[in-house]
Amino acid sequence: MADALLPMPTELTSFINEWKVKPGNLIMVLHKVQEHYGYIPQEVAVEVSKILEIPLAKIYGVATFYHLFSFKKPGKHKIAVCLGTACYLKGAQDLLDEIDAIIGCKAGEVSSDEKFSVDAVRCIGCCGLAPVLTIDGKVFGCVTADHMAGIIAPYQNDEVN
Amino acid sequence: MAITCKIDGIDVCVADGTSILNAAKEVGLKIPALCYHPDLDAWAACGICVVKMKGSPKLIRACAVPVENGKEYITRDAELVDARKAVLQLILSNHPNDCLLCGRSGNCELQTMAADFGIREQPFAENFEPLERDESTTSLVLNPEKCIKCGRCVLVCQKLQGVYALEFIGRGEKTRLAPAADVKLADSPCIKCGQCSAHCPVGAIYEKDETAKVFEALTNSEKHCVVQIAPAVRVALGEAFGLESGELLTGKMYAALRRLGFDKVFDTNFAADLTIMEEGTEFIHRFTQAPQELPLITSCCPAWVDYMEKYANDLIPNFSTCKSPQQMEGAMIKTYYAQKAGIDPKNIVVVSVMPCTAKKFEVQANDDMSSVLKGVQDVDIAITTRELARMIKQAGIDILSLKEEEVDPLLGTYTGAGTIFGVTGGVMEAALRTAVAKITGKELGKVELDAPRGMDGVKSAELDVGGKKVRIGVAHGMVNIEKVLNEVRAAKKAGKELPYHFIEVMACRGGCIGGGGQPHGATDEVRAKRTAGMYKDDEISKIRCSHNNPEILAAYKDFLVEPNSHKSHELLHRKYNKRPVYNK
């Protein structure tokens, strides 16, 4: 059972109140919210709108502009496939297709069992290992579609938490 | 400081800060643009207005760059035309080309520009996917497929109206102009003012068309169809038929409505006079006997009522309980007129022609809008000026060649005070004409009041009424109201004397003449002409004050008894509800 989203923890509200008076506060606050919840829940966005006295529309305008922010609850494990130039040329799209075939989840989506979320990301800075993907921050390099099932299996079978 | 420069070799002298686009306009050069609108700050989204400065290789956007002293600008050469064409073709590659099926066909800014530039080929592959329309409100339709992302609607909604219903969602080619949090427009803070639709250059936002429903009622022999026309319609309808803005079309409009098949042609201006009787009495009562209920705030504008119920509901007690003239006229048609004519109100269909998209929302805003028959609206269908123009054209009525006709008596005769309801400050002026006469017991020598007139966002004045000071405030353009309300809130909180006793609010810039349902192309220039038309209608009226309208006097004598009577309260007054800004 997930924790209730509201009220926000004191740590978060005191952060927001501290930033309330500073110009350009919205992005900082949204970062903190996403850091805490893993995404920006709608009811929290409404609360932030009230505290900062910024219309909800503006919050959505900013948060949908930047790729980093998400309004969707992420899966338990986050798969990020690099689609930077090198990875793309070395077949990263095949990896995304294979992931979709295995867990039924395309880039930008969360699997129906909420176990995985898949993202296509820009260069993660290790082109020598292209194509590269990360799962919960762990890097897998020189991956081919054949490797995918083996890489995902431990997460699927809850061998990795 | 004045800036002197040359544009296409012509000397131009303009004020410092004038954009190249506006400086060019001074010397008769119209630089094409799709995102720029004189109501809004330039923000250089479309890229059509590119020009060159001599000595610089760059293309600059004329809407957003101010002219510089001594510089020379070029607004057209082969390279600029090619650049503009390429931008247009790129926009067209994202825009469905089913123009014949689009409501803006014929007055679409994109279509017109493509024609002007002689676009005959499309070098770019089509790049658009089907997107769902938002038809959740009864007033407006959002069609994101047609959107060219010029951003006018978002800027209008946020900067002119302060409503923040629309925002840019996403980025790049995936950008949508939509409410936040994936809610539908009906669940968003939208007040249905329709300024987005009035400013949209293409067919991405438009009024919900109800002309078919009106035609259906008109051809139903069992229905008795009665029409009423709002003040501001008569100074703008002509634009749809090639007339100058502001030209009064009252008599020809009555004639055209009869040709369309309406059994009775009444006028909302009559109900504007009725509103003055009710609201004026309400004001005199509060001013003389119940100062704790001041200021009195006008309630004729349905977009403002919607805004107040969501954003300013702490002030509900200060709201006039008067219904808007549209609703008063509807209730009077289905009671007073129905009785006099011996017609069962169940068989009456009331159609109103309004300069406003929010009026479509108002007709079913709450139970008070169905005050005559339970579950049946007092006004059945509200159409906009734009829809009436289409109906007249569709029916093949050559309105300009028609002889002027008179309005039907009983609920049609109006005074100069009633007609100026269509312009900012008009409700205030009309109310004061009557209130001053009632309080002092003397008719005004000069009925025109200067204080409420003009285009300032907030107008305020202190008037001497029979030795007492009456402080008035008039706001138009929704973004301007918050300042006025905050002054009231601050004074109340501090226990200080009120800054205003009587406040008039109209959501749209210029008042109803600039309404969201008026013919497209409103700018301050157009608004000024329409305003002049309204004041002219006032000047040529034989009677200038609502309390001297003989049909009003008869309605009270024969039916309503007196202003704010029990019957008036049943039919002509309403309640307000506190509502959340977002429904979900």
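Fair warning: this is a prediction, and the values are worked out from it, not measured in the lab. Lettering follows sequence order; numbering is per chain, from 1.
Separation of atoms CD (B:E167) and OH (A:Y60) is listed at 12.0 Å; rounding is to 0.5 Å. Here the OH-CD distance, from B:Y582 to A:Q42, works out to 9.0 Å after rounding to the nearest 0.5 Å.
The environment of CG in A:D136 is crowded: more than 12 heavy-atom neighbours from other residues, nucleotides or ligands sit within 6.0 Å. Other residues, nucleotides and ligands contribute at most 12 non-hydrogen atoms within 6.0 Å of the NZ atom of B:K578. Counted within 6.0 Å of OH on A:Y37, heavy atoms from surrounding residues, nucleotides or ligands total more than 12; the atom is thus considered enclosed. B:N127 CG: more than 12 foreign heavy atoms inside a 6.0 Å radius. Within 6.0 Å of CZ on B:F124 lie more than 12 heavy atoms contributed by other residues, nucleotides or ligands. Annotation for A:E159: atom CD counts as buried by contact number, over 12 foreign heavy atoms lying within 6.0 Å.
Contact count versus chain A (heavy atoms, under 4.5 Å) is highest, among B:A181, B:P179, B:A178, B:G172, for B:A181.
Contact between A:A57 and B:A180 at its shortest, heavy atoms only, is CA-CB, 3.6 Å. A:G61 and B:I169 get closest at one heavy-atom pair: N-CD1, 4.4 Å. The shortest heavy-atom contact between A:T64 and B:G170 is OG1-N, 2.7 Å.
Scanning residues 128-165 of chain B against chain A with a 4.5 Å non-hydrogen threshold yields B:Q158, B:Y164, sorted by number.
Using a 4.5 Å cut-off between heavy atoms, A:F65 touches chain B through backbone and side chain atoms alike.
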